[in-house]
Amino acid sequence: MSNPYFLLSRKFYRRLIYPATALFVALGLVVGSGYPSTALNWRDLIVPGIQVIQITTMSDEQEVNLGKQMNEQLLSSGQFKRYRNQQVNDYINAIGQRLVPASDRPDIPYTFQIIDDDVINAYATMGGFVYITTGLLQEASNEAEVAGVLAHEIGHISEKHTLKQMREQIVARGLADAAGLDSSVVVGIGLEVALRLPRSRQHEYEADLRGLETVMAANYAPSGLIAFFQKLMDKGGSSVPGFLSTHPSPENRISQLKQQVPAGMLDRGDGLNSSAYRANISPLL
């Protein structure tokens, strides 16, 4: 694993370089979009680029507010039905909140919600909103496995993957114009990206690595994340959730994770007591 000094410098570097990178990427996307050169002036280049930049470089407060709008849309539309048992909700929230300080973005508020759905899955939108299904909680064998899945989803938020995919969709659909985007359109694109569109190979690897770093920093046994991925891969079929069924292959991801764990550290940490876990989610069983 990376040492703490490297991780600190990496976080500082990313905070410094992302805004500049977003500017060049946004302008590059517009310049490379295939418009005839005779129809362009500097305003044509810069204004659409700024629309894209506003998506990827919004403040933490703006991102959290957008995440809240998406959450309200999910719950009010009936796409997600919340599981209401307070004991289980408090337990899962406690696991998530333990992971937050160990993540790359501990300074935003996180909301962990259980979705009443037998499908084994977990989701993350943006601004700290993470969702996990009752089906996944029933399938997990211990707390370390659940912590690993939550940490993986936190990794997507840390890397702003939904925002980056939204930018790509906005440009691809020709919506990055000077008039700007209606908030309902932005929310709709965000939900489509977070819940329906597959993550890229790079995004999944990043979330895996960030998740592994987070569980270890929070003193959870890293074997939980790896064991749960392996379990779902072995089951196959409809049991493989979205966060594992997309490319890269589960086999490659599991192999990459194992290589990142120092020798002798796989089962070192909390969360491996299956009986304690079952007692905490007993209303679900």
Side-chain angles (χ1 to χ4, degrees), residues 1-4 6-7 88 91-104 106 110 112 114 120-124 130 132-159 199 203-236 239-282 284-285:
M1 291 298 296
S2 304
N3 64 58
F6 174 77
L7 291 177
V88 182
Y91 174 57
I92 298 305
N93 182 63
I95 298 172
Q97 298 303 336
R98 173 174 168 175
L99 295 167
V100 169
S103 73
D104 282 358
Y110 281 79
F112 299 93
I114 303 173
I120 301 170
N121 219 334
Y123 314 87
V130 178
I132 191 167
T133 64
T134 52
L136 190 149
L137 297 179
Q138 291 166 332
E139 184 65 31
S141 299
N142 55 51
E143 186 173 315
E145 292 185 2
V146 174
V149 173
L150 293 178
H152 172 90
E153 298 304 327
I154 291 172
H156 282 304
I157 294 173
S158 295
E159 297 293 330
R199 306 282 189 182
H203 286 182
E204 290 296 357
Y205 273 136
E206 288 174 352
D208 288 348
L209 182 57
R210 297 290 86 76
L212 186 64
E213 291 174 346
T214 298
V215 295
M216 295 187 71
N219 198 36
Y220 276 112
S223 60
L225 174 61
I226 297 169
F228 194 66
F229 277 14
Q230 185 69 56
K231 179 195 301 183
L232 296 181
M233 187 187 73
D234 291 343
K235 289 174 71 69
S239 297
V240 179
F243 64 80
L244 191 59
S245 62
T246 54
H247 63 280
S249 72
E251 294 91 343
N252 288 344
R253 291 169 64 183
I254 291 169
S255 175
Q256 289 281 342
L257 285 169
K258 288 180 178 178
Q259 292 176 28
Q260 296 299 317
V261 180
M265 294 291 293
L266 197 61
D267 288 323
R268 184 172 296 181
D270 299 335
L272 297 178
N273 188 323
S274 296
S275 297
Y277 173 69
R278 293 292 172 185
N280 279 303
I281 68 161
S282 57
L284 271 174
L285 303 178

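The first residue in the sequence is number 1, and the count goes up from there. Every value quoted in this text rests on a predicted model; they were computed, and no experiment measured them.
- With sequence neighbours excluded, no residue forms a ring-ring contact (aromatic ring centres under 6.0 Å, His included) with F112.
- In this structure, CD in E159 is found 8.0 Å from NE2 in H203, a value given to the nearest 0.5 Å.
- In this structure, CG in L99 is found 5.0 Å from CD1 in I154, a value given to the nearest 0.5 Å.
- Rounded to the nearest 0.5 Å, atoms CD (Q256) and CG (L209) are 9.0 Å apart.
- For the pair A151 and V215, the tightest heavy-atom approach, listed with the atom from each and the gap, is CB-CG1, 3.5 Å.
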### E206 and H156: CA distance, side-chain angles, deciding distance, side chain to side chain contact (heavy atoms under 4.5 Å, CB included) verdict
CA-CA 8 Å; E206 288 174 352; H156 282 304; over 6 Å; no
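- Across all their heavy atoms, D208 and L257 have their closest contact at O-CD2, 3.6 Å.
- In terms of heavy-atom proximity, S274 sits nearest to S141 at OG-O, 3.1 Å.
- Across every non-hydrogen atom of Y277 and A140, the tightest pair is CE2-O, 3.4 Å.
- Rounding to the nearest 0.5 angstrom, the gap separating the CD1 atom in I114 from the CG atom in L136 is 10.5 Å.
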### Task
Begin from the C-alpha positions of L150 and T214 and carry the test side chain to side chain contact (heavy atoms under 4.5 Å, CB included) through to its verdict.
CA-CA 10 Å; L150 293 178; T214 298; over 6 Å; no
Residues 217-230 side chain polar contacts: donor-acceptor under 3.5 Å, at least two apart:
from : atom 1 : to   : atom 2 : distance (Å)
Y220 : OH     : E143 : OE2    : 2.6
S223 : OG     : L266 : O      : 3.2
S223 : OG     : D267 : OD1    : 2.7
Q230 : NE2    : D234 : OD1    : 3.0

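- A pairwise comparison of heavy atoms in A122 and E153 identifies O-OE2, 3.6 Å as the closest pair.
- For the atom pair CD of E139 and NZ of K231, the computed distance is 5.5 Å after rounding to the nearest 0.5 Å.
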#### Entry: Test side chain to side chain donor-acceptor pair (under 3.5 Å) applied to Q259 and S255, step by step
CA-CA 6 Å; Q259 292 176 28; S255 175; 3.3 Å; yes
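- Rounding to the nearest 0.5 Å gives a distance of 4.0 Å between CE of M265 and CE of M216.
- Here the closest heavy-atom approach between residue G271 and residue N142 is recorded as O-CB, 3.1 Å.
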